[in-house]
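Shown next, in structure tokens, is the structure this report addresses.
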Amino acid sequence: MAKHVFIVNTPLHLVIAQSIIKAEKLVGCVLLGFESERLKSSPLLEVELWSDIYELPKLNKKLPFKYKKQLSCLKALQNTVVFWGNDYQVENQVIVKLINPQKIFLFDDGIASYIDNIREVSKLRRFAMQVFSTFFLAGALKNYSGIGCYTHHARYCLNEKLSNTSSNKEFRNISLDFPESVINQVKEELNKQNFAGPVGILLTQPITEYNAMPLTKEDCHLIKLARHADKLQLKTLLLKPHPGECEHRKLERLSLIKNNTKATVVEFNGTGEWPIEALADQSISIPFQNVLSVYSTALVTLKVLRENLNCTSSLTLPDTHDNKPLAQIYTIFKKINIQEVSSD
């Protein structure tokens, strides 16, 4: 029987991978992660589900010719079945090239899973990447711009409403199944808090860090969200930063939001190493009903997992002009009833 190899890049990937294993009753499962993720010490890890765990190095772009040798331990996993959530990350593509799997399954990676060409790549950059791949990575790179380029046997998604936004043929729904110990940690953390209600949560993102918007434009969005919190008559606004935000810009966002709302703004880091989607577990009594963001993936996942939440994005139709990724995000938001900040 072929082994089942899961390539994991984020904490949410790990939860989805383990949810698939439990739902499909898979055995002989191998976890491939990266040293920077500290998988073996993660509270999300359910050790009993895995027959083996590899923590791999990331590609050193200064020494790319050494990378295949660093991954030589994966030769024992050839002709297995691979599951992954991100088929455009360079390291993932090199792994699949080395393994040469019998089948490949794709699972959710958030909004990026439902957008064509999330990264707009110029013809010159694409050519440079092709040359780099040919000379240093044995031609491993097939995908340069977005999730879903590879041929997949089937795709696992969190909700049919999401699957309908994509053109893939075969879908398998999967429910998030967090470790019981993590759910108990979340409950304990929430029980410690004594927030003045009504409460909302604002999810920030590394938008300018990733050059997705000019700083002034992102600031306008954050101000709109902060003022919308007042329209919702929120007393407490929990600010949940993204792990990818740089410290300086994160502090700028916190200050900007505080200066544009009457609500008490509290930085909420209680989620620790587990993804915020844990709050969607039906056994948890969450202290908020309103979720605000510019266009965080968690707006989508929280909405489809807990439909009674009032999720609001600051994206408007004019923001999508001449920006295909944002236009697709806007369409997805409308499809699953994510609200738009009113202009009045």
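Residue numbers count from 1 along this sequence.
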Aromatic centroids of His13 and Phe107 separated by under 6.0 Å: yes

Euclidean distance, Ile21 CD1 relative to Ile16 CD1, rounded to 0.5 Å: 12.5 Å

Donor-acceptor contact below 3.5 Å, side chain Thr331 vs main chain Ala327: yes

Side-chain heavy-atom pair Pro101, Asn79 within 4.5 angstrom cut-off: no

Carboxylate-amine/guanidinium proximity below 4.0 Å for Glu209 and Arg253: yes

Donor-acceptor pair, side chain of Lys103 and main chain of His153, under 3.5 angstrom: no

Test: Asp219 and Arg249 ion pair at under 4.0 Å: yes

Any Ile174 side-chain heavy atom under 4.5 Å of Leu158 side chain: yes

Tyr210 vs Glu245, side chain to side chain donor-acceptor pair (under 3.5 Å): CA-CA, chis, key distance, verdict: CA-CA 9 Å; Tyr210 292 173; Glu245 294 181 48; over 6 Å; no

Flag side-chain contact, heavy atom, 4.5 Å: Val47 against Lys40: no

Check: Cys29 main-chain N/O paired with Ser51 side-chain donor or acceptor under 3.5 Å: yes

Among Leu279, Leu302, Val186, Val199, side chain to side chain contact (heavy atoms under 4.5 Å, CB included) partner for Ile286: Leu279

Separation of Leu77 CG from Asn100 CG (nearest 0.5 Å): 12.5 Å

Test side-chain contact (heavy atoms from CB on, under 4.5 Å) applied to His221 and Tyr295, step by step: CA-CA 10 Å; His221 279 276; Tyr295 56 80; over 6 Å; no

His152 side chain near Phe83 side chain, heavy-atom distance below 4.5 Å: no

Joint cluster assignment, Leu317 & Ile336, ILVMFWY side-chain distance < 4.5 Å: yes

Co-membership, hydrophobic cluster, residues Leu215 and Ile223, 4.5 Å side-chain: no

NZ/NE/NH1/NH2 to OD/OE distance under 4.0 Å, Glu91 and Lys58: no

Ile183 versus Ser283, closest heavy-atom pair with distance: CG2-OG, 3.6 Å

Nearest heavy-atom neighbours spanning Thr316 and Glu340: CG2-OE2, 3.3 Å

CD1-CH2 distance between Ile95 and Trp84, expressed to the nearest 0.5 angstrom: 9.0 Å

Check: Asn290/Asn310 side-chain N/O donor and acceptor closer than 3.5 Å: yes

Contact check, side chains of Arg227 and Thr261, non-hydrogen atoms, under 4.5 Å: no

Euclidean distance, Ile207 CD1 relative to Met213 CE, rounded to 0.5 Å: 5.0 Å

Considering all heavy atoms, the nearest Leu305-Leu176 contact: CD1-CD1, 3.6 Å

Interatomic distance, Phe178 atom CZ to Gln18 atom CD [nearest 0.5 angstrom]: 10.0 Å

Verdict with supporting geometry, Phe6 and Trp50, ring-ring contact (aromatic ring centres under 6.0 Å, His included): CA-CA 10 Å; Phe6 289 79; Trp50 304 101; 5.6 Å; yes

4.5 Å side-chain heavy-atom contact, His228 and Thr312: yes

Test: Lys262 and Asp230 ion pair at under 4.0 Å: no

Note, Leu39 side chain near Leu45 side chain (heavy atom, < 4.5 Å): no

Donor-acceptor pair between Gln205 and Ser293 side chains, under 3.5 angstrom: yes

Closest non-hydrogen atom pair, Ala17 against Val8: CB-CG2, 4.3 Å

Check: Gln339 and Phe333 side chains under 4.5 Å, non-hydrogen atoms: no

For Ile338 against Leu299, the heavy-atom pair lying closest together: CD1-O, 3.7 Å

Sidechain-backbone polar pair: His4 side chain, Val82 backbone, donor-acceptor under 3.5 Å: no

Thr264 (side chain) donor-acceptor with Thr236 (main chain) under 3.5 angstrom: no

Flag for Asn9-Asn92: side-chain donor and acceptor within less than 3.5 Å: yes

Backbone of Val30 reached by a side-chain donor or acceptor of Lys3 within 3.5 Å: no

Leu326 backbone acceptor or donor facing Thr320 side chain under 3.5 Å: no

Shortest non-hydrogen separation from Pro43 to Gln185 and the atoms involved: CB-NE2, 4.2 Å

Lys/Arg-Asp/Glu bridge criterion (N-O < 4.0 Å) met for Lys240, Glu267: no

